[in-house]
Structures are given as C-alpha cells and as structure tokens.
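This report refers to the structure that appears directly beneath it.
No experiment lies behind these values; they were computed from the predicted model shown. Chain A is the first sequence line, chain B the second, and so forth, proteins listed ahead of strands; every chain is numbered from 1.
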There are 4 protein chains.
Amino acid sequence: MTVSPFDHPLLSALLGDMEAARHFSVEAEIEAMLAFERALAQAEAESGIITQDAASAITVALASFRLDTALLRAAAAKDGVIVPELVRQLRTAVGEPHGDKVHFGATSQDVVDTGLVLRLKSVVEHLGLLLTETVLRLASLEERFGDRTLTGVTRMQKAIPIRMADRVAAWRAPLQRHQERLSEQSRRLLVVQFGGAAGTLEKFGDKGPVVRAALAERLGLADAPQWHSQRDALADFAGWLSLLTGSLGKFGQDIALMAQGGTDIALSGGGGSSAMPHKQNPVKAEALVALAHFNATQLSGMHQALVHEQERSGAAWTLEWLLLPQMVVATAASLRLAAGLAGQIESLGH
Amino acid sequence: MTVSPFDHPLLSALLGDMEAARHFSVEAEIEAMLAFERALAQAEAESGIITQDAASAITVALASFRLDTALLRAAAAKDGVIVPELVRQLRTAVGEPHGDKVHFGATSQDVVDTGLVLRLKSVVEHLGLLLTETVLRLASLEERFGDRTLTGVTRMQKAIPIRMADRVAAWRAPLQRHQERLSEQSRRLLVVQFGGAAGTLEKFGDKGPVVRAALAERLGLADAPQWHSQRDALADFAGWLSLLTGSLGKFGQDIALMAQGGTDIALSGGGGSSAMPHKQNPVKAEALVALAHFNATQLSGMHQALVHEQERSGAAWTLEWLLLPQMVVATAASLRLAAGLAGQIESLGH
Amino acid sequence: MTVSPFDHPLLSALLGDMEAARHFSVEAEIEAMLAFERALAQAEAESGIITQDAASAITVALASFRLDTALLRAAAAKDGVIVPELVRQLRTAVGEPHGDKVHFGATSQDVVDTGLVLRLKSVVEHLGLLLTETVLRLASLEERFGDRTLTGVTRMQKAIPIRMADRVAAWRAPLQRHQERLSEQSRRLLVVQFGGAAGTLEKFGDKGPVVRAALAERLGLADAPQWHSQRDALADFAGWLSLLTGSLGKFGQDIALMAQGGTDIALSGGGGSSAMPHKQNPVKAEALVALAHFNATQLSGMHQALVHEQERSGAAWTLEWLLLPQMVVATAASLRLAAGLAGQIESLGH
Amino acid sequence: MTVSPFDHPLLSALLGDMEAARHFSVEAEIEAMLAFERALAQAEAESGIITQDAASAITVALASFRLDTALLRAAAAKDGVIVPELVRQLRTAVGEPHGDKVHFGATSQDVVDTGLVLRLKSVVEHLGLLLTETVLRLASLEERFGDRTLTGVTRMQKAIPIRMADRVAAWRAPLQRHQERLSEQSRRLLVVQFGGAAGTLEKFGDKGPVVRAALAERLGLADAPQWHSQRDALADFAGWLSLLTGSLGKFGQDIALMAQGGTDIALSGGGGSSAMPHKQNPVKAEALVALAHFNATQLSGMHQALVHEQERSGAAWTLEWLLLPQMVVATAASLRLAAGLAGQIESLGH
C-alpha cells in the first residue's frame with residue numbers, strides 16, 4: 001500500500017529519500033529490535049544476571065531467527081505493539097532451558113524506543129552528510145556568483161540592489177546553525193531507553209544501572225536513566241527536522257520567486273507540463289516549500305504527544321509513530337532536493 | 001517502503017484500513033486517470049471536438065494499455081506530476097493518427113484532481129458505511145446498557161449519577177451530525193475538475209462547458225466550473241474527517257478512562273504486555289485517541305494549503321498529497337477500531 | 001495588557017476588528033451570562049419550577065446588578081471559571097427568600113457555553129454581512145475588469161492568457177460556497193447548552209426538556225439536547241472560519257504576487273517603509289496571508305479539543321477559550337481587509 | 001479589548017502571567033524601540049557616522065519624547081508596522097538640524113526585531129527564574145515523598161509498584177534538560193538585528209559591521225550578521241517554549257489522573273463548582289494540559305513562518321507577531337501554575 005507519498009512507488013522519487021526510508025522499513029525495525037535483545041542478553045551475562053550459556057544460546061538463536069510475519073501482524077492489531085509476540089517467537093526459537101532469558105527484565109517500550117534510537121543514530125549521520133553537502137553547494141554558489149548584484153525584494157516589492165552573496169548567505173547561514181544544533185541535541189537524543197515494566201528495572205535489584213550502561217555501550221548509544229514517559233528529546237529532534245525543512249523551504253520559495261520571469265536566475269532541468277510544452281516548472285523548489293509546510297504541520301503533533309500520561313501512554317506513543325518517521329524522510333528528501341536544485345542553478349544575479 | 005504506519009505491513013493491522021488504503025494505491029490512481037482520459041475522449045467525440053474514430057481508438061488502446069513504471073517514476077521526480085509522461089505513453093499506445101487526441105484540451109491537474117475525486121467518491125461511500133455501522137453499534141450499547149447508572153465525571157472528578165444512556169448518547173449523537181455534514185458537503189466535493197492549461201478550456205471555444213458536463217456525467221460526478229486553485233471542498237472534507245476522528249477519540253478516551261479500574265466497564269480482548277502478563281491494555285481505545293490527534297494535526301496543513309497562488313500552486317497542491325490520503329485512512333481505521341471496540345464492550349455501568 | 005495583536009492598541013488597527021472583538025470583551029461575556037440567568041429564571045417560572053415571584057425578584061435584581069470584578073478575577077484563578085463566584089454574587093444581590101433560585105438546576109458550563117453561543121449568534125451575523133460586502137466588491141471588480149486579459153500563472157510560471165474574470169472568479173466563488181456552508185452549519189451551532197451538573201437536568205424530573213426549550217426560545221436560540229462534551233459544532237465553525245481566511249489568503253497572495261512589478265494591477269494606498277520612501281508595500285494583502293496561516297494553525301488546536309473526556313473536560317474546554325475568540329476576530333479582520341483591498345484596486349489586467 | 005485570555009481581565013488570573021505580559025505591552029515595545037534608536041545614534045557617533053552633537057540631540061529628545069498614539073495606530077493599519085510613523089515623530093521631536101540622523105541607515109525591521117530581542121532577553125531571565133523555582137519545588141516533593149510507593153500505571157492500566165521518586169523524576173528531569181537547552185540556544189537568540197533597507201547596511205560603506213557591533217554592545221546583546229529573513233532562532237525558541245509547556249502538561253495530566261479518586265495524592269485548594277459543592281476540581285492541572293496543547297498548536301505556525309520570502313516577508317513576519325508573544329505568556333503562566341500546583345500537593349504515594 002502507498003498511502004504516504006514517502007512510500008509511493010512513483011511520487012517517492014520526488015518527495016522521498018530511499019536511504020532515510022530504509023531505516024523505517026520493517027526489516028530495519030526488526031533488525032534493531034533483535035540487536036537490542038542480543039545486546040541485552042550479553043549485557044546481562046556480563047553483569048551476572050543471566051548465565052553466559054544463556055547469552056550464547058540467545059545470540060546463536062537470534063543469528064538464524066526467522067520470524068512469523070502473519071502472527072506479528074495479528075499481534076500488532078491486538079497488543080498495539082509487536083514486541084510481546086516477537087519475544088514469544090524468540091523464546092521459542094531459543095528453546096529450553098534458556099528461552100525465558102530472552103528479553104529478561106525488559107519491556108516492549110525498551111525494545112521499541114531503543115530500536116528507534118538505534119535507527120535515528122544512522123538517520124542523524126545520513127542527514128548530517130546531506131546537510132554538509134547542501135552547505136557546500138550553497139557555498140559554491142556564493143563563490144561563483146556572490147559578487148554579482150540583484151535587486152533585493154522586501155515585502156514582495158523591489159527594494160535596493162544587494163550583492164548576490166547577501167541572498168545566498170541567507171540560505172546558507174541557518175543551515176550552519178542547524179549543524180550546531182544537531183550536535184548539541186544529539187547527545188540528549190542518542191541514548192538508550194531501558195526501564196523494564198514500569199521504568200524501575202525492578203528485576204535487577206541494585207544492578208539495574210550497571211546492566212543499562214553495559215547495554216548502552218554494546219549498542220553504541222549513550223547511557224541515561226529511562227525516559228519512557230519523557231519525550232522531549234524526540235520532540236526536540238522533530239523541531240530540528242522542521243527548522244531544517246523550514247530553512248530549505250525559504251530557499252525553495254526564493255528560487256521559485258526568482259524563476260517567475262526575468263533574468264535573476266537561470267535554471268536547468270525544470271519540470272514539463274502536459275498542456276504547455278514551453279514551461280519549465282521549478283518542481284524541486286515547489287517541493288521544498290511543500291515539505292517545509294508538511295514538517296511544520298507534523299511538528300505540532302509531536303509536541304501534543306509530550307503530554308504522555310503516567311508511566312507510559314499508549315496513545316501519545318502511537319502518535320509519535322504516525323509522525324516522526326515521515327518527518328525524517330521529508331527532511332532527507334528536502335536536503336536531497338535542495339542540493340539538486342543548487343546544482344541546477346546555472347546563473348544567479350547580474 | 002513503509003515510512004507511514006498506514007502502509008506498514010505490521011502496524012497497518014492496527015492503524016490502517018485496507019479498503020480505504022486501496023483507493024490510494026498507484027493502481028487505483030492510474031486506473032482513475034485512465035478513466036478520466038477515456039471519458040474525456042468520449043465526451044469530446046460526443047461534443048464533436050474529436051472524431052468518433054479517435055475516441056474509439058483511444059478507448060481500445062486504453063483497454064490494453066501497459067504503462068512503463070520506471071519512466072513514470074523518473075517523470076514524477078522531474079515534472080512533479082506523472083501526467084505528462086503518462087500522456088506521452090498513452091499517445092504512443094494509441095499511435096497515429098489519433099494519438100494526439102488523447103488528453104486533448106486537458107492539463108495534468110484535471111487528471112490528478114478529477115482522478116482524486118473519483119476515488120474520494122468511493123471513499124465517501126466506504127466511510128459512510130463504516131459510520132453507519134459504528135452508529136448502530138453504539139445504539140445497541142445504548143439499548144442494552146442505557147438504563148444502568150454510572151457516576152458522571154466532570155473535570156476528572158466524580159460528579160453525580162447519570163444514566164449510562166447519557167454517556168453513550170454523547171458518543172453517538174456527534175456521529176449522526178457527521179452523517180448530516182457528509183451529505184451536505186458531498187455535493188460540493190464530488191465534482192469534476194476540468195479547466196485545461198490555465199482553467200479556461202481555451203481549446204474548446206464555446207463548447208467548453210458542454211464537454212465538461214459530458215465528462216462529468218460519464219464519470220458519475222457532478223458538473224461544476226473548474227476549481228483548480230479553489231481547494232475549499234478538499235479542506236472542508238479534511239475537516240469532516242478530523243471532526244469524525246475527534247468524536248471517536250473522545251469515545252476512545254472515555255473507554256480508556258473507564259477501563260482504568262473499577263467496574264464501570266467490562267471489555268474483552270485487551271492487548272498483552274511483554275513484561276506484565278496480567279495486563280489488558282485498551283489498545284483500540286488508545287489508537288482512537290492517537291488517530292484523533294493525528295488528524296487534528298494534519299488538518300492544519302490542509303488549511304495552510306488553501307493559500308494556493310494564482311492559477312495553480314505546485315507547492316500547495318503537493319502538500320495536499322502529503323496529507324489527505326493519510327487522513328482518509330486514519331479515519332477509516334478509526335471507524336473500524338471504534339466499531340470493534342464497541343463490540344468488545346461486554347458490560348457498561350451498574 | 002496586549003499580548004495578542006487582536007487586543008493591541010496599535011496593531012489591532014491592522015489585524016483586529018472592533019465589532020468582532022467587542023463580543024469577546026468581559027462586558028459582553030458577563031452580559032450574556034446575565035441574559036442566561038434571567039432567561040433561565042423566567043423559563044423555570046413558566047414551567048412551574050420556581051415561583052413567578054422568584055423569577056421577578058431575579059429579573060429585578062439582575063437589572064441593577066453590579067459585580068465585584070476583583071472577586072471574579074480571584075475566582076477565575078481558583079475555580080477555572082468565573083461562574084460559581086458570579087452566581088454567589090447574584091444570589092447575594094437577589095437576597096432572601098429568592099436568592100437560591102438563581103442558576104437553579106444549571107451548572108457553570110451551561111452559562112459559559114450558552115453565553116458563548118449567544119455571542120456567536122451576533123458574530124455570525126457580523127461575519128455574514130462582511131462576507132456579503134466582500135463578495136459584492138469582488139463581483140464589482142469582475143464587472144469592471146472581467147473582460148480584460150492577463151497572463152495566467154501556473155506553478156509560478158507564465159502559462160497562457162486568461163480573462164481577468166477567470167482569476168476574480170477564483171477569489172469570489174469560494175466565498176459564495178462559504179455563505180452556503182455558514183447557513184448549513186448555523187442551525188447546529190446556534191443552539192442552547194443546558195444540562196445541569198452532569199448533563200441530565202436532574203433537578204427537573206420530567207420537565208427538563210420543557211425548561212430547556214423555554215430557555216432556548218427566550219434566548220433566541222434553537223433547542224437541542226445538551227452537548228457539553230460534544231464540541232463538534234464549535235470545531236466545525238472554527239473550520240469554517242479557517243476556510244474563509246484561507247480563501248481570502250489566496251486572494252491576498254495573488255494580489256501581492258501581481259503587485260510585485262509590471263502592470264497587471266494598480267493599487268492605491270500601499271504601506272510606507274521607514275528606509276525606502278519609493279516603496280508601496282501591499283500591507284493588506286500580506287496581512288490576509290498572515291491571518292490565513294494563523295487560523296489554519298489555530299484550527300488544529302480546536303480539533304485537538306474534540307477529545308473532551310467524560311462529562312466535562314476542564315482542559316479541552318479551556319483550550320477552546322484560548323483559540324476560538326482569536327479565530328473569530330482574525331476572520332472578521334480578514335474580511336474587513338479583503339473588502340478594503342478590493343476597494344484599493346484601481347485597475348486589473350490589460 | 002480582551003480577545004485573548006492572556007489579556008483578559010479575569011481569565012488572565014488563571015491563564016496569564018503579568019510579568020511576562022508586561023514585556024509585550026505597547027509601552028515596553030515602544031521603550032525597546034526608543035532604546036534601539038538611542039543606542040543606534042550613539043553607536044553611529046562613536047563610529048563617526050553621525051556627529052556627537054547629533055547623537056546628543058537625539059538622546060536628549062528621546063528622553064522627553066511623547067508619542068502620538070492615534071497617528072501610530074493609523075500608521076499600523078496603513079504601513080503594517082508603526083516604525084515609519086514613529087521615526088517621523090522622533091525626527092520632528094529632534095528637529096533641525098539633527099532630526100534626519102534619527103534611525104539613520106536602519107529600517108523598520110531592525111527596530112522591530114531588535115526591540116523584540118531586547119524584551120526576549122528579559123523574558124528569558126524571567127522564564128529561567130520560574131523554571132528554577134519549579135525544579136526546586138519538584139525536587140522538594142521528591143525529597144519529601146520519594147521513598148513512598150505508588151502503583152505505576154502504563155497504558156492507563158495498573159502495572160507494578162514504583163517509588164514515588166520514579167514518577168516525580170519524570171516530571172523534573174525534562175525540566176533540567178530544558179534549562180540546558182535554553183542556555184544553548186540563548187546565544188543564538190539574544191543577538192542584534194541590524195541590516196538597513198535590504199540587509200546590506202548600505203549606508204555605512206565599510207563601517208557597517210563596526211556600527212552593528214557597537215549597537216549590539218550598547219544594547220547588551222550579542223553581535224551577529226543580520227538575520228532579517230532567517231527566523232530559525234525565533235522558531236527554535238518557540239520550540240523550547242512548547243517543549244517546556246509539554247513537559248508541564250504531562251505533570252498536570254498526571255496530577256489530574258491521580259486526583260480522580262483514591263489516595264495517591266492529597267491536594268489542597270481545588271476549584272469550586274457552581275452545581276456541585278462537594279467537588280475539588282484540579283484546575284491548575286487542567287490549565288497545564290490546556291496550555292501544553294495551546295503551545296503545541298502555535299508552534300506549527302511559527303515553523304510555517306520560516307518560509308520567509310526574499311529579503312523580508314511581511315506575511316511571515318506578521319504571523320510571528322500573532323503567535324510568539326502568546327506562547328511566551330502561556331509558558332510563563334504554565335511555570336507559575338506548575339509551581340503553584342506543586343505547592344498544593346500535601347501528600348503523594350503511600
């Protein structure tokens with residue numbers, strides 16, 4: 001099914017990003033969940049919670065595990081998460097006597113949230129690279145055309161001459177601040193979630209923090225107390241995504257306005273029309289504007305989901321799933337389009 | 001790819017609706033587009049714009065047409081819409097001498113928007129049926145448990161006894177107003193879009209309105225002047241979708257609050273937990289709340305898209321594609337979940 | 001204080017509307033509340049719930065009632081609504097033996113919601129008049145300039161010539177559909193809210209519906225069962241407000257784009273700049289765009305507030321207060337600006 | 001007028017914050033604008049742009065300046081900003097020969113944006129203090145009741161016992177991350193805006209950066225290149241405001257759920273009902289939830305406003321004015337309410 005353009009076989013060529021989307025495939029999600037269960041078993045063995053034999057049995061079984069998708073689908077409908085059924089299948093796969101050590105002391109949310117963070121770590125890297133690329137492309141435009149002039153436009157009216165560098169800097173400078181912001185917020189975002197049934201790691205006595213730290217280390221994440229009902233890092237990241245698409249939307253809007261006519265810009269490769277062969281539609285520029293408005297829209301929902309009642313809110317948590325992956329892909333697409341659009345600019349200013 | 005839970009092979013079992021999603025598959029979209037082009041050729045022949053031979057050739061060619069998906073995907077990226085490439089393929093399929101009569105006088109937006117409305121017509125029927133079903137289920141609860149009592153709760157505090165019928169009516173009555181609203185707005189929504197390059201049907205001289213009326217009739221839609229830059233009917237429909245999920249979210253929220261403990265409700269079939277086997281999570285009720293917040297979030301973007309510049313806004317139009325299909329599926333899922341949840345209620349009140 | 005531009009002594013000249021704002025003053029709110037209490041006493045006397053003497057005593061006391069604002073302010077902070085304290089003051093004013101008949105059988109929400117609807121009735125009339133005026137102004141532009149031509153613009157690119165009437169119709173036609181929508185939804189909106197403590201009119205035995213109908217009639221509202229936790233009519237009205245500002249935002253955007261340069265439009269009375277005396281900023285057009293985005297933003301919150309838990313949600317109800325009045329004033333301002341902008345157009349097309 | 005509850009003489013006692021609102025009064029705004037013009041004259045004299053005599057004349061005139069409010073109001077309607085008229089009045093007040101040196105090289109946006117940042121500097125201090133106070137109150141609850149137990153609640157269902165400290169930490173920990181975030185983003189937010197007509201400081205030749213740095217220093221702000229069309233710092237700050245109210249909304253929601261019945265919490269000073277004297281409504285808790293949803297709603301609009309076309313967007317800029325001040329006051333109110341609510345808690349857990 002292809003309800004979302006990000007998943008659409010045709011439209012995703014414009015509005016999607018394959019690499020970002022890949023991290024939200026079922027395969028990537030299950031893989032991250034299995035990585036969690038494997039690292040957990042090993043961390044628990046290391047801390048003396050389960051035996052090394054149990055950990056080895058789990059590691060071996062996970063390596064060749066084949067899941068039953070139909071049962072997972074039925075479980076998603078019934079339980080709201082796939083983890084209880086996934087754990088059941090894993091335990092069966094491990095078998096006696098170690099099966100019941102799979103997922104020991106953990107809860108669904110630990111698996112889902114840490115599984116998400118593991119993938120966000122890759123997402124952050126991917127977006128970081130795309131962002132660097134876009135900054136470089138804009139810097140190159142600045143270098144090539146910065147000394148030319150342009151009539152500045154304020155409140156949609158011709159103002160006074162400016163240097164082309166002035167306008168390009170307004171596209172580039174926010175992106176560099178976004179690089180700074182990403183680095184600041186990553187250390188709050190890329191942390192393990194591990195709390196057990198109600199956040200207290202009650203199965204581990206005094207050893208809870210030790211197990212959690214070992215789990216985090218094995219997963220390549222920072223350690224932190226459980227945050228199952230504290231969703232600020234995710235909402236903040238969503239804000240960063242929308243800041244980025246907002247800045248790129250401004251770039252797109254400017255390009256579309258420059259391309260209305262006149263000679264301020266020369267663009268190659270505009271889009272064709274089914275009725276008017278003479279047209280060169282600024283398709284990438286328009287898509288940047290659309291994606292900016294899209295993310296600004298979704299962001300509101302991610303902040304609504306901060307009101308996460310008690311130890312775990314099924315409703316607020318589910319809401320995040322409906323919003324965040326698409327925001328990530330929209331942002332990757334936006335960066336990809338912006339770099340592409342910068343590359344289509346053959347001339348700026350006079 | 002599965003960025004959206006509505007497209008997700010597992011989560012769509014909870015949050016999706018197969019029948020509604022079907023209308024947003026590529027297959028359904030292309031089929032609607034071909035229906036447009038076929039009906040257009042026939043309407044144009046009927047009005048003497050093209051020959052009956054041309055119309056027949058087009059009809060025949062469309063019946064066996066095989067599209068080249070890879071080229072359509074590339075075109076989506078380049079043109080922002082697939083129509084120019086689809087028309088090119090269609091014209092090739094029809095061949096000389098009638099190929100250039102395919103899509104005659106139409107533009108991409110005519111195909112895309114009318115193609116959407118054709119599918120919304122089926123969507124409206126589907127949602128209407130689901131809504132009726134949900135109203136009936138609630139009416140049945142009212143009949144079975146209406147005479148029992150319950151302590152009313154205002155501002156999260158126990159108030160005074162009410163009849164169970166009072167609370168159930170608060171779930172049912174808005175749904176019946178939504179039925180009324182749907183019937184009112186359908187006649188503004190289910191109308192053909194046909195304007196040509198810039199909305200003037202300039203290829204048809206005086207015959208534009210006649211061709212348009214014939215086209216509408218063949219498609220089973222109402223006739224209306226072009227509305228390519230007037231998106232109020234779509235935004236209004238989005239509002240209806242969100243009103244509906246909002247009302248069902250209230251039902252879900254109430255059920256989740258009743259199911260917190262005590263004996264106000266008995267529910268069968270709650271969701272399991274991976275850590276706490278004793279729990280019966282009110283998964284459907286939570287999903288109703290999440291979907292309500294989801295649609296309320298998206299609605300904002302559909303209204304932002306009303307600022308549709310000049311004769312056609314690529315940005316605002318693309319934004320709709322990112323929002324409306326998911327709102328439709330969220331609403332169908334919500335109705336499906338609500339009917340299911342009503343069916344799980346074994347007892348209400350005392 | 002002047003946190004909102006709608007209340008701002010200076011900015012409200014641009015962004016506000018005095019007549020619409022007047023209905024949200026404390027004075028208007030209290031007046032509507034007193035109208036409710038007066039009509040209630042009379043309806044209850046008519047139905048034999050209280051004596052005619054009590055109703056007369058209440059009517060007389062209300063006529064000369066002076067409220068203690070400081071106590072009301074303190075009560076707002078403590079109770080979340082001013083009604084309990086207002087009723088206390090009213091009962092004191094009426095005195096023995098009839099004081100306790102004030103507000104008999106009613107609850108705060110009855111007073112607040114019906115008080116709101118009473119003012120919305122005036123708001124609907126005011127907006128309806130402004131809307132008619134704007135439609136007429138646009139129709140006049142169509143008459144004066146409709147036969148001229150203009151290059152249509154699709155996807156921000158020059159397309160083909162259109163008649164000026166084509167573009168003006170795209171501004172006018174949605175407004176006429178909004179007139180239709182307002183008339184459809186008014187009968188669901190302009191209804192009394194009367195339910196008592198938990199919606200059951202428990203103080204009146206069998207006579208509840210009779211009292212409610214009499215109350216509605218005296219207030220000039222339609223009668224309907226209580227809707228204290230069913231907020232769909234308000235959310236739907238908010239949607240209508242945003243549809244309207246969205247359509248006017250499109251008009252504003254088009255004007256701002258036409259006024260960028262060239263000769264498609266001649267506008268009188270543009271805004272001045274502190275740095276560039278040669279500029280004529282299309283201030284009203286920009287404000288229309290801003291107000292469209294503002295209402296589209298707020299609308300989301302009004303739909304979030306549909307998840308109104310149990311018999312009364314303090315949180316969701318309070319959220320409406322933060323959103324709806326400003327949406328109303330934004331809409332009135334938008335209509336006022338649009339009519340003004342239409343009046344500044346001295347020439348359109350060629 | 002009192003369209004917004006933040007400005008409402010009665011409701012602002014619950015939903016407003018006097019100190020925060022004070023910074024958005026006309027008086028504070030004009031004062032900040034005059035501070036800008038004074039500092040600009042002095043910075044320009046220091047840099048040799050204008051004479052010391054001119055700067056002194058301006059400083060003296062500003063000290064006793066009386067503005068004509070009626071003309072400013074008319075100008076707001078006509079120009080969309082009050083600055084052109086304010087500058088005209090200031091120049092008249094300074095008189096010959098130095099009048100034309102007022103506002104030299106600056107533009108309206110410099111005055112408005114820097115004037116806003118000056119007030120945000122005070123706002124940041126005020127919110128910082130309130131936040132510290134709230135963190136302390138929660139820490140005190142943790143200290144007093146942390147060792148008690150409570151049944152944890154996940155997905156609205158009883159889970160397992162947790163320590164009261166676990167739940168209180170989930171209220172406190174995000175607030176401490178918000179302190180960290182505020183300190184990170186303040187250095188991007190509290191910077192001068194100075195660019196002149198189109199951002200190039202074209203009146204100053206090579207001396208532009210020197211004048212700007214001197215201006216920033218005199219105003220106590222950091223220096224930075226003009227950011228008139230780069231609104232990321234404001235949108236990011238809006239995100240911070242909404243993160244904060246979101247976290248406090250979770251606290252409010254939890255309190256309201258705990259106060260539903262049972263003995264998990266003892267609260268003093270709940271709100272009264274006009275119909276049910278026995279009730280103690282958790283008014284502050286509900287208001288926290290409402291304000292969280294309010295800010296989450298507004299945030300979307302602040303991000304929509306990032307698409308700020310060309311050198312200055314009247315529409316996007318005006319949109320910020322409609323949103324940000326209210327978000328600030330909502331946040332201050334939320335902190336005030338949260339501290340108050342924490343103070344009303346007499347007992348937690350068992």
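The contact between Q298(C) and chain D is made by backbone and side chain atoms together, counting heavy-atom distances below 4.5 Å. Only the side chain of L15(D) comes within contact range of chain C, judged by heavy atoms closer than 4.5 Å. No part of A287(C) comes within reach of chain D, as not one of its non-hydrogen atoms sits under 4.5 angstrom from that chain.
H293(C) NE2 to T318(D) OG1: the interatomic distance, rounded to the nearest 0.5 Å, is 11.0 Å. Atom CG in L319(D) sits 8.5 Å away from atom CZ in F294(C) (nearest 0.5 Å). Residue T297(D) holds its OG1 atom at 10.0 Å from CG of L299(C), rounded to the nearest 0.5 Å.
The shortest heavy-atom contact between S4(D) and S4(C) is CB-CB, 3.5 Å. For the residue pair D7(D) and V3(C), the shortest heavy atom distance occurs at OD1-N, 2.5 Å. The two residues H8(D) and V26(C) come nearest to each other via the heavy atoms CE1-CG2, 3.4 Å. The shortest non-hydrogen separation linking G80(C) to L14(D) is CA-CD2, 3.8 Å.
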(request) Any chance you could lay out the side chain to side chain contact (heavy atoms under 4.5 Å, CB included) test for T69(C) and L10(D), step after step, and finish with the verdict? (result) CA-CA 8 Å; T69(C) 306; L10(D) 309 181; 3.5 Å; yes
(request) Evaluate the criterion side chain to side chain contact (heavy atoms under 4.5 Å, CB included) for residue pair L322(C) and L291(D); output intermediate values, then yes/no. (result) CA-CA 9 Å; L322(C) 288 159; L291(D) 291 167; 4.1 Å; yes
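Around atom CD of E31(D), no more than 12 heavy atoms belonging to other residues, nucleotides or ligands sit under 6.0 Å away.
Looking at residues two or more places apart in sequence or on another chain, you find a side-chain hydrogen bond (donor to acceptor under 3.5 Å, both in side chains) between E320(C) and R231(C). Qualifying side-chain contact (heavy atoms from CB on, under 4.5 Å) partners for A77(C), counting only residues two or more places apart in sequence or in other chains: A13(D). By the ring pair (Phe, Tyr, Trp, His ring centres under 6.0 Å) test, F251(D) is found to be paired with W171(D), residues two or more places apart in sequence or in another chain being considered.
Highest contact tally toward chain C, considering only G249(D), A198(D), G314(D), is held by G314(D) [criterion: heavy-atom pairs under 4.5 Å]. Annotation: maximal heavy-atom pairing with chain D below 4.5 Å, among S300(C), P9(C), G301(C), occurs at P9(C).
Contacts between residues 102-110 of chain D and chain C, counted as heavy-atom pairs separated by less than 4.5 Å, involve H103(D), A106(D), T107(D), S108(D).
Contact annotation: the side chain of S313(C) never approaches that of E286(D) to less than 4.5 Å [non-hydrogen atoms, C-beta and beyond].
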